[in-house]
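Below is one structure, written out as structure tokens; comments come after it.
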Amino acid sequence: MLRLKMLRLKMPQLKMLRLGITACAVGALALAEGFTFTIGNPVASQEFQMKTAAFVFRTNGCAEPAASQISATAEGLVKGARQSVVLKVKAAAKPGVYAVFQSWPAEGDWVVSLRGVCASESAGAIVPIGPKGFIRESAKFFPRPATSAEIEASLKALAQSGNKGENK
Amino acid sequence: MFTRHVSRQLAAHIDGELAQPRARQVELHAAQCAQCRAEREQVRFGMEILDRLPPVEAPDAIWVSIEAALREQRSRKTFETWAVRRWRWAFAATAVCVLLGAAHWSVAHRSATRWDVVRIDGSPTVIRAGKWIETDSASSATVKIGNIGSVEVAPNTRLRVVTARPGEHRLALARGEIRAKISAPPRLFFVETVSGTAVDLGCEYTLNTDEAGFGLLQVTRGWVSFQWQGIESLVPAGASCRIRPNVGPGIPYFDDASENMKQALENFGSEKAGDVALNVILAEARVRDTLTLWHLLSRVEAEDRARVYDRIASLTPVPAGVSRREALKLDAETLRRLKEELAWTW
């Protein structure tokens, strides 16, 4: 009887404990997803300064997004010649959200290679660029930086598709 | 706070001038410090405004007075003490700064509020006193809006300047079509129509309407909010929204949505076709059409709301922290979080 009374008295604490365990489980599940990128239209950043970006992206599964290292290059094929342009990635006010602005030539076929490091994890992505913007459905995501061969393959596929894609 | 504030590094950080380790320290600190995040936004905003200010030359009179002061100083050099010279220089520099600042403010303030018709094709009627701009079938015009953007006025358009001040630029579109390109922070540029008001959230868009208020809003960059009596449609780049008198803005849809869906949206709201239209919209929706479905949540009757929510959840994962029950109750914070997550698919 006494034990039952004590249990009743501790019900709020038990609820808190249950909530804490649930939160930990959800957090662990989120971390278990691994470090990846999500790409989106500039409107996804919710910042008007980003509206002229080619696209925006965010990091997922990174416990400390502000501490992650992010870089990007534009890889292009212009009149049969390979070109590479180091891009300046602009961080949004919301941690873990970034914008890529077009600073590569309009001519030729281009993909953007994203690379990120968060603690001990890495992530990479290849985002093809079409005449009407980034091509979401052809983007590729990796649990590591994309290899040169993967970038070349994406460029080749983009050139063969006639570069007619658009953001969908 | 666990580390020192980073106010002094914010401008250099925004300009990308900080070395990588220092830049990371600033980002880390800002991520944890609301005060520095707020300051960073203020500095970013201020720098963008500064970028737009036109350069102003100092008036000739300033240079004449400086030269005269220098000549005078040279002739009296032997009699002046170091302290007197220093004060004279400080005074001259202050005077120059004040004059330059005043000139700069004057030009910037004037250009921030001025409306100029900068290009005219054909012979539109521009009545400055009444602030009306009217084009016929063979004329068009481009209007510069202060220093925040421009509006192209298509043929057969009647447009009025309602307000022109730095914090608010407001037009009234009586009929016809305009194309606005705005590069200013959100909620500085408004276009009123018979059917409601287009509120710029940092965007480029085309808006047309007839005199009765029937028309279309098409957004090419950023966001536009179309509002009427508490009903709001948020239209992102690549999407459109019908505008109609007395019923508020239509449901936004992406321009590449299926024709069936567009037709169903036209019919949605009419008593005869309402249920059928909703079935078509739910069946035709793709992942990015969650834009349309998100708006439908607050426009359908309560008994249909669960169907709309469940369709969204079947198309894309609902973010953690968004509860179905709260969404169905149209909890504002829940809907905002849901929209911000769905926007990554738009």
Side-chain angles (χ1 to χ4, degrees), chain A residues 22-23 25-31 33 36-60 62-71 86-98 101 117-118 132-134 136-137 165-168, chain B residues 13-16 20 23-32 37-38 40-41 44-45 47-48 181-188 200-204 219-224 234-239 254-257 286-289 291 317 319-321 336 339-346:
Chain A
T22 310
V26 169
L29 274 175
L31 284 174
E33 275 180 19
T36 56
F37 292 125
T38 300
I39 56 171
N41 260 314
V43 294
S45 70
Q46 313 290 331
E47 283 186 35
F48 78 96
Q49 296 99 326
M50 305 299 189
K51 74 170 183 182
T52 54
F55 64 91
V56 296
F57 65 97
R58 68 177 175 185
T59 57
N60 310 307
C62 180
E64 213 175 343
S68 60
Q69 290 173 292
I70 305 293
S71 61
V86 177
L87 301 176
K88 191 175 171 182
V89 175
K90 189 173 180 182
K94 192 173 180 183
V97 177
Y98 305 87
F101 290 83
V117 177
C118 172
K132 294 180 180 175
F134 73 102
R136 191 195 299 267
E137 67 271 26
E166 63 180 295
N167 171 38
K168 278 182 188 173
Chain B
H13 179 55
I14 290 165
D15 267 347
Q20 184 68 11
R24 192 153 343 122
Q25 278 178 352
V26 171
E27 278 172 15
L28 272 171
H29 180 88
Q32 295 163 335
R37 277 201 305 278
R40 182 174 62 185
E41 284 317 293
R44 198 198 301 268
F45 177 64
M47 288 168 77
E48 281 172 6
K181 288 184 182 178
I182 304 299
S183 56
R187 301 182 196 283
L188 282 185
D200 169 85
L201 302 178
C203 59
E204 293 179 17
V219 181
T220 48
R221 267 189 175 163
W223 292 92
V224 177
L234 284 164
V235 190
F254 277 107
D255 296 332
D256 61 0
R286 306 159 300 164
V287 173
R288 76 183 313 216
D289 294 322
L291 164 74
R336 183 191 65 78
K339 182 199 74 182
E340 287 190 0
E341 183 61 27
L342 295 177
W344 283 93
T345 67
W346 296 350

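All figures in this text were calculated on a predicted structure; none of them were measured in a lab. Every chain is numbered from 1, with letters handed out A, B, ... down the list of sequences.
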Subject >> Atom NZ of A:K94: over 12 foreign heavy atoms under 6.0 Å >> reply: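 No, because the 6.0 Å sphere around NZ of A:K94 holds 12 heavy atoms or fewer from other groups.
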**OP:** With the side chain counted from C-beta on, respond yes when A:Q46 and B:W223 share a heavy-atom pair under 4.5 Å apart, and no when they do not.
**Re:**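 In short, these two side chains touch, coming nearer than 4.5 Å.
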**OP:** Using non-hydrogen atoms and a 4.5 Å limit, figure out which bit of B:L28 sits close to chain A: side chain, backbone, both or neither.
**Re:**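 Contact with chain A is through both the backbone and side chain of B:L28.
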Distance in Å, [X] [atom1] paired with [Y] [atom2], rounded so as to fall on 0.5 Å steps:
{"X": "A:F48", "Y": "B:I182", "atom1": "CZ", "atom2": "CD1", "result": "12.0 Å"}
{"X": "A:R136", "Y": "B:W344", "atom1": "CZ", "atom2": "CH2", "result": "9.5 Å"}
{"X": "A:N41", "Y": "B:L291", "atom1": "CG", "atom2": "CG", "result": "11.0 Å"}

**OP:** Give the minimum heavy-atom separation between B:R40 and A:A93, together with the two atoms involved.
**Re:**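 Of all heavy-atom pairs spanning B:R40 and A:A93, the closest is NH2-O, 3.3 Å.
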Original post:
Considering all heavy atoms of both residues, which atom of A:A44 and which atom of B:A343 are nearest to each other, and what is their separation?
Top reply: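 Heavy-atom minimum between the residues: CB-O, 3.5 Å.
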Subject >> With sequence neighbours excluded, residues passing side-chain contact (heavy atoms from CB on, under 4.5 Å) with B:Q25 >> reply: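 In terms of side-chain contact (heavy atoms from CB on, under 4.5 Å), with neighbours along the sequence ignored, B:Q25 is linked to B:R22.
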Original post:
Does B:R221 have any side-chain contact (heavy atoms from CB on, under 4.5 Å) partners at least two apart in sequence or in another chain, and if so, which?
Top reply: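 For B:R221, the residues satisfying side-chain contact (heavy atoms from CB on, under 4.5 Å) (neighbours in sequence not counted) are A:T52, B:E204.
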Subject >> Closest-packed option against chain B by number of heavy-atom pairs under 4.5 Å, given A:A67, A:P95, A:P42 >> reply: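 Sorted descending by pairs with chain B, the first entry is A:A67.
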**OP:** Take A:E137 and B:R288, measure what salt bridge (Lys or Arg N to Asp or Glu O under 4.0 Å) needs, and give me the verdict at the end.
**Re:** CA-CA 12 Å; A:E137 67 271 26; B:R288 76 183 313 216; over 6 Å; no
**OP:** Check whether A:V89 gets within reach of chain B through its side chain, its backbone, both or neither, counting any heavy atom under 4.5 Å.
**Re:**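 Neither the backbone nor the side chain of A:V89 comes within 4.5 Å of chain B.
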